[in-house]
Structures are given as C-alpha cells and as structure tokens.
Participant: 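Right, I'll just put the structure down here and ask away after.
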Number of protein chains: 2
Amino acid sequence: MSLPHAILTALLEKPSSGLELTRRFDRSIGYFWSATHQQIYRELGKLEADGLIRALPSEQPARGQKKSYEVLPAGRAELARWTAASQDPKPHRDPLLLRLRAAAVVGTAGLEADLRRHLELHERQLAEYQEIEQRDFPPGRDGTEDRLRHLVLRAGIDLETFWTQWLRRALADFAELPAGEPTRPA
Amino acid sequence: MSLPHAILTALLEKPSSGLELTRRFDRSIGYFWSATHQQIYRELGKLEADGLIRALPSEQPARGQKKSYEVLPAGRAELARWTAASQDPKPHRDPLLLRLRAAAVVGTAGLEADLRRHLELHERQLAEYQEIEQRDFPPGRDGTEDRLRHLVLRAGIDLETFWTQWLRRALADFAELPAGEPTRPA
DNA sequence: ACCGTTTATGCAACTAGTTGCACAAGGTGG
DNA sequence: CCACCTTGTGCAACTAGTTGCATAAACGGT
C-alpha cells in the first residue's frame with residue numbers, strides 16, 4: 001500500500017493536479033515507484049474521500065479543468081505514521097533472471113539480443129541519474145532534506161551500476177557458450 | 001506473466017507435485033520469483049487445462065493425495081518461445097526508498113531502526129547466497145547449465161551486496177543528521 | 001479408539017496494478 | 001467554422017498476487 005503515500009509525499013513537496021503528479025511520477029518519484037495517470041486519479045479520489053487531502057478551492061471543478069490538491073494535517077500524520085512503521089522487504093521478482101534460468105534448460109536462443117538491449121537501457125538510465133546528481137547535488141550541500149534525497153538517488157545510481165556490470169559479465173559469458181541450443185534436448 | 005514460465009522451468013528441471021514446487025520456490029527459484037502455494041496450485045490447474053503439462057499417471061488423483069506433474073512438448077515450446085521473446089524491464093517499486101523520500105518531508109523518526117533491521121536481513125540473505133555458491137559452484141566447473149545458473153546466483157549476491165553497502169551508508173548518514181523531526185514542520 | 005499434528009490440495013474473496021477507452025475544453029490550421 | 005490535436009480527467013474491465021480459510025489423508029502418541 002505505497003501508492004497513496006507516494007502521492008502524499010509528492011503533494012507535500014508541492015500541491016499539484018492529477019496530470020502534474022503524473023508527470024512528476026514519470027520523472028523523479030517514478031524512478032522507484034511508478035504509477036499511471038489512472039492509478040493516480042483513482043487514488044486522489046480515495047485520498048480526498050478519506051479526508052487526507054483536499055482540492056485547492058481556487059479552481060472550479062469541471063471535467064477537463066485543472067484541479068489541484070493539497071495535503072491536510074490528517075494526511076501528513078498518516079504519512080508520518082507510515083514512514084515510521086516497520087515493513088518487511090518484499091521479495092524481488094525479476095523476469096530476466098527467470099529467463100536466464102529457463103535458458104539453462106530450453107536453450108539460450110534469442111536471449112543475447114535482449115540482454116544487449118537491457119544493457120543499453122540501464123546505461124541510459126545510469127547516465128540520466130548521474131546528470132541529476134551533478135545538477136542537483138553539487139558537492140558542499142548538506143541540508144537534511146538534500147542528504148536524504150541524495151541517498152535515494154545514490155541507490156538508483158548504484159543499482160543501475162550493478163545492472164550494467166552484471167549484464168556485461170553475462171554477455172561476456174554468453175560469448176564463450178557453445179550456441180543457442182538447449183542443454184537438455186527434448 | 002512469468003509465474004507459469006517459472007513453473008514450467010521448475011518442472012523441466014524435475015517433475016514435482018504442488019507442494020514440492022512450493023518448497024522449491026521457497027528455496028532457489030523464489031529468490032527471484034516468489035510464489036505462494038495457492039498461486040502455484042491455481043497455475044498448475046491452468047497449465048494442465050492448456051495442455052502444457054500433465055499429471056503423472058502413476059499416482060491416483062484424490063484430495064490429500066500427492067499429484068505430480070511433468071511438462072509436455074507444447075509446454076517446453078511455450079517456455080522456449082517466452083525465453084527468447086524480448087521483454088521490457090519493469091520499473092522497480094521500492095517502498096523503503098519511498099519512505100526515505102517521505103522522511104525528507106515528515107521527519108526521520110522511527111526509520112533508522114527499520115533500516116538496521118533491513119540491513120540484518122540483507123546480510124543474512126547474502127551469507128546464504130555465498131554458502132550456496134561455495135557448495136554448488138566450486139571453481140573449475142563450466143558446463144553451460146552451471147554457467148547460466150551461476151550467473152543468476154551472482155546477480156543475487158551482487159544485489160544483496162549493494163543493499164548491505166547502501167544501508168550501511170544510509171545509517172552512517174543518519175548518525176550525522178540532527179534528529180527525527182520534520183524538516184518542514186506542519 | 002481418539003486427538004492433534006503434518007502433509008497435501010484447493011476455493012473464494014480481496015487488493016493492487018494495468019489496459020483500453022471515453023469525454024470535455026481549448027487551441028490551431030485549412 | 002470546423003476538423004483535428006493536445007491537455008486534462010475519469011470509468012470499467014482485466015490481470016496478477018495475497019490472505020484467509022476449508023478439506024482430507026496419514027501418522028504418532030496416549
């Protein structure tokens with residue numbers, strides 16, 4: 001149940017409309033909690049019904065009209081409660097690793113090209129994170145807020161670094177493998 | 001749509017009953033694709049209905065009686081197709097990083113203890129992976145199947161290594177932070 | 001003979017996330 | 001002036017995964 005809390009965080013950082021939130025999810029927050037605009041609109045409705053946020057009164061509510069929300073005290077309290085509450089880490093689910101394991105049984109045909117593609121995507125993402133780091137976190141800043149946000153960004157950078165390195169190793173390994181046939185023919 | 005393929009892979013490695021599969025998911029496969037026994041039974045039913053697997057004839061089918069499955073040629077073909085098919089990487093969703101970002105706004109109270117707990121869990125998982133590596137992948141093996149499986153295990157080891165290091169850095173940062181109050185009081 | 005635990009299979013209801021589409025307002029170009 | 005594109009909001013149906021519980025056989029003790 002993290003989406004509502006992701007939205008509360010985003011709205012505390014800056015009151016926004018549904019579409020603005022969607023865009024901000026596509027950029028910063030979505031890097032570790034993605035959401036589509038439909039999820040966001042639905043959740044905004046629930047949060048408003050629960051009294052955690054409210055529409056900014058200035059704007060008239062009509063379809064096709066921008067409608068911005070701000071967080072109410074109850075929303076801030078709920079976010080603080082959730083942040084402090086202990087949560088178990090969810091097990092990862094990674095289809096790519098699964099495919100590699102399947103390839104050990106049915107053959108590696110076709111996989112290599114996709115590994116290469118993933119490598120490129122992760123390299124691009126890594127470059128993007130590094131740009132953000134240079135732009136938003138020049139050396140010498142140390143406000144609490146900056147510190148925490150930088151820490152989150154570092155996680156992103158280190159994760160992408162891991163993937164690029166692992167994929168390069170995988171491709172190097174593939175180069176030495178016999179070919180794409182099954183290791184256990186049917 | 002990875003669960004059916006995870007099951008096909010497991011069944012190709014060794015025909016099994018629902019409960020045996022559940023146990024194997026708790027150990028090896030579940031490290032990167034977890035599933036509960038209910039998911040597995042449901043999926044076994046679908047796979048059988050679709051003609052991708054079949055119950056081993058030897059055993060009598062009755063409630064409370066073991067029922068093992070094996071993969072049919074159509075199942076192997078489907079798995080090979082899926083393995084070779086290109087797939088986009090899904091964006092990660094990580095509540096812990098989200099909580100850190102929320103903490104930048106509502107305060108870090110309570111978070112540190114959970115970071116410590118996560119660190120312990122990841123250290124334990126890392127140790128487990130390293131044991132498996134020493135036990136199952138002694139230096140000098142290089143069959144194709146071993147190579148691929150080792151690669152998958154290395155991903156697990158490197159991921160857990162990343163998390164332990166990142167969490168240690170986070171805790172070190174927390175130690176220098178003022179205290180648990182919000183950076184932007186309500 | 002009975003009771004409780006373990007092994008094994010399974011249904012039903014719920015929660016979360018995704019996909020596909022619909023609708024409205026406002027601007028732009030032919 | 002109207003057809004089309006963009007911006008913005010939203011519903012409905014679907015897919016995937018989780019939680020809680022039910023059922024049944026086998027086994028071990030008392």
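Only this structure's heavy atoms are used, side chains among them; waters, hydrogens and symmetry mates stay out. Throughout, protein chains are lettered first and strands after them, A, B, ... in sequence-line order, and every chain is numbered starting at 1.
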Participant: Could you check whether A/D114 pairs with A/R117 (Lys NZ or Arg NE/NH1/NH2 to Asp/Glu carboxylate O, under 4.0 Å)?
Facilitator: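 Yes, this pair counts.
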Participant: Residues of residues 17-33 of chain A with any non-hydrogen atom less than 4.0 angstrom from an atom of DNA chain C: list those, numerically ordered, please.
Facilitator: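 Within this stretch, A/W33 sit under 4.0 Å of the strand.
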Participant: Can you say whether the rings of B/W163 and B/H122 are parallel (under 30°), tilted (30 to 60°) or perpendicular (over 60°)?
Facilitator: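 Parallel: the ring planes of B/W163 and B/H122 meet at under 30°.
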Participant: Using a cut-off of strictly less than 4.0 Å, decide whether A/Q38 has a side-chain nitrogen or oxygen near OP1 or OP2 of C/dT19.
Facilitator: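 False: A/Q38 side-chain N/O out of range (4.0 Å or more) of C/dT19 OP1/OP2.
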Participant: Determine whether the aromatic ring centres of B/H150 and B/F137 lie less than 6.0 Å apart.
Facilitator: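 Yes.
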Participant: If the threshold is 4.0 Å, N to carboxylate O, is there a salt bridge linking A/R168 and A/D173?
Facilitator: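 Answer for the salt bridge query: no.
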Participant: CG of A/L44 versus C1' of D/dG8: gap in Å, rounded?
Facilitator: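 Checked: the CG to C1' distance equals 13 Å.
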Participant: Between atom CE in A/M1 and atom P in C/dG17, what is the gap in whole Å?
Facilitator: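 It works out to 10 Å between those atoms.
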Participant: Is any side-chain N of the basic residue among B/E131 and B/R135 closer than 4.0 Å to the acidic one's carboxylate O?
Facilitator: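 Judged by the 4.0 Å cut-off on N to carboxylate O distance, B/E131 and B/R135 do not form a salt bridge.
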Participant: Which of parallel (below 30°), tilted (30 to 60°) and perpendicular (above 60°) describes B/F162 and B/W166?
Facilitator: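 Plane angle between 30° and 60°, so tilted.
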Participant: Please report the distance, rounded to the nearest Å, between CG in B/D94 and P in C/dG17.
Facilitator: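 Interatomic distance, CG of B/D94 to P of C/dG17: 13 Å.
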Participant: Measure NE2/B/H5 against P/D/dA16 and give the value in whole Å, please.
Facilitator: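 Whole-Å distance recorded here is 10 Å.
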Participant: To the nearest angstrom, how far is B/Q39 atom CD from C/dT9 atom P?
Facilitator: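 In whole Å, C/dT9 P and B/Q39 CD are 16 Å from each other.
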Participant: Confirm from the modelled atom types if A/H37 and D/dG10 form a donor-acceptor pair under 3.5 Å, side chain to base only.
Facilitator: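 In this structure, the two groups form a donor-acceptor pair.
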Participant: Answer yes or no: is there a donor N or O on one side and an acceptor on the other, between the side chain of B/R99 and the main chain of A/T83, under 3.5 Å?
Facilitator: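 Answer holds: yes.
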Participant: Round to the nearest Å and state the distance from B/I40 atom CD1 to C/dT7 atom P.
Facilitator: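 B/I40 atom CD1 is separated from C/dT7 atom P by 16 Å.
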Participant: If you pin B/Y41 and A/K46 to their nearest nucleotides in DNA chain C, which one's is more 5'?
Facilitator: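 Whichever sits nearer the 5' end wins; that is B/Y41.
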Participant: C/dT15, OP1 or OP2 - any side-chain N/O from A/R42 closer than 4.0 Å?
Facilitator: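 No.
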Participant: Atom CZ of A/R93 to atom P of D/dA16: distance rounded to whole Å?
Facilitator: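 To the nearest whole Å, that distance equals 12 Å.
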Participant: Under 4.0 Å between a side-chain N or O of A/K67 and OP1 or OP2 of D/dG10?
Facilitator: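 Affirmative; the distance criterion is met.
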Participant: Whole-Å distance between C/dG10 C1' and B/Y69 OH?
Facilitator: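 Between C1' of C/dG10 and OH of B/Y69: 10 Å.
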